[in-house]
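Inspection log for the structure reproduced underneath, given as structure tokens.
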Amino acid sequence: MKKLEIIYGIKYSSFLTTNGSLLNKEILNKIDFDIIQLTFDGYKETHEKYKVSKKFTYNALLYKILDILNFSESKIRIRFNICKNNANDFEDVIRDIFNLEGINIQRID
């Protein structure tokens, strides 16, 4: 996408908002987004309770962060859907993210 900036002389930023379930190594190697936004719906049990797809778990989403960091140049933005059942879960989710082995927090918003 940086080609657009060079060709047209405009500032261009690309964003992808996703639950991450379809992002694999091959796709991550091909895409060129500035930011990939991943959404958490709470800490483990709450997150999985609210997810439509029961196949893509909280832990799978956590490790998808490492996949994005390892197989793309994109930064990651964490989105957190808040409701009365998960309002106190945010710190637990952030702690889990920052405790991932090999995490590069400089690329996470």
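For the numbers below, each heavy atom of this structure counts, side chains included, while hydrogens, waters and symmetry mates do not. Computed from a predicted structure; not experimentally measured.
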Walk me through whether Y63 and D67 qualify under side-chain contact (heavy atoms from CB on, under 4.5 Å). CA-CA 7 Å; Y63 287 102; D67 286 348; 5.8 Å; no
K75 side, atom NZ; S13 side, atom OG - distance, nearest 0.5 Å: 10.5 Å
Nearest 0.5 Å, what's the NZ-CG distance between K30 and N24? 8.5 Å
Indicate yes or no for a side-chain donor-acceptor contact from D92 to the backbone of Y43 under 3.5 Å, with no hydrogens or angles considered. no
Do the non-hydrogen side-chain atoms of C83 and Y50 ever get within less than 4.5 Å of each other? yes
Are F40 and I97 packed together at the side-chain level, in the sense that at least one heavy-atom pair is separated by less than 4.5 angstrom? yes
Member of I94, N86, D41 meeting the side-chain contact (heavy atoms from CB on, under 4.5 Å) criterion with F80: N86
In this structure, CD1 of I36 is separated from NZ of K64 (nearest 0.5 Å) by 10.0 Å
Nearest heavy-atom contact between G42 and V93 is O-CG2, 3.5 Å
Could you tell me whether a side-chain N or O of S74 sits under 3.5 Å from a main-chain N or O of D34, the two making a donor and an acceptor? no
Using a 4.5 Å cut-off on heavy atoms from C-beta on, say whether the side chain of I65 contacts that of I108. yes
Check whether any side-chain heavy atom of D109 sits under 4.5 Å from a side-chain heavy atom of I78, and report yes or no. no
Check this for me: N70, atom CG, are more than 12 non-hydrogen atoms of other residues, nucleotides or ligands nearer than 6.0 Å? yes
Is there a path of hydrophobic side-chain contacts, each under 4.5 Å between heavy atoms of I, L, V, M, F, W or Y residues, that connects I105 with L100? yes
Are any of the side-chain heavy atoms of I76 and I35 separated by less than 4.5 Å? no
When rounded to the nearest 0.5 angstrom, what distance separates CG in L16 from CD1 in I27? 10.0 Å
So, applying ring pair (Phe, Tyr, Trp, His ring centres under 6.0 Å) with H47, which one of F56, Y58, F90 is it? Y58
Within the structure provided, determine whether K51 and S21 are in side-chain contact (heavy-atom separation under 4.5 Å). no
Working to the nearest 0.5 Å, report the span between CG of L61 and NZ of K44. 13.0 Å
Should the heavy atoms of other residues, nucleotides or ligands under 6.0 Å from CD1 of I10 be counted, would the total exceed 12? yes
L69 side chain near I103 side chain, heavy-atom distance below 4.5 Å: yes
Trace of the side-chain contact (heavy atoms from CB on, under 4.5 Å) decision for F15 with R77: CA-CA 10 Å; F15 300 87; R77 178 169 291 149; 3.9 Å; yes
Go through it in stages, so that I can follow the logic: the residues are T39 and N81, the test is side-chain contact (heavy atoms from CB on, under 4.5 Å), and I'd like the CA-CA distance, side-chain angles, deciding distance and then a yes or no. CA-CA 7 Å; T39 304; N81 289 332; 3.2 Å; yes
Apply side-chain hydrogen bond (donor to acceptor under 3.5 Å, both in side chains) to residues T57 and N59 and explain how you reach the verdict. CA-CA 5 Å; T57 64; N59 285 333; 5.4 Å; no
Rounding to 0.5 Å, atoms CG (N88) and CG (N85) come to a distance of 10.5 Å
Quick one: do L22 and F33 end up in the same hydrophobic cluster if we chain Ile, Leu, Val, Met, Phe, Trp and Tyr together by side-chain heavy atoms under 4.5 Å apart? no
Looking only at heavy atoms, the pair that brings Q37 and T17 closest together is NE2-CG2, 3.4 Å
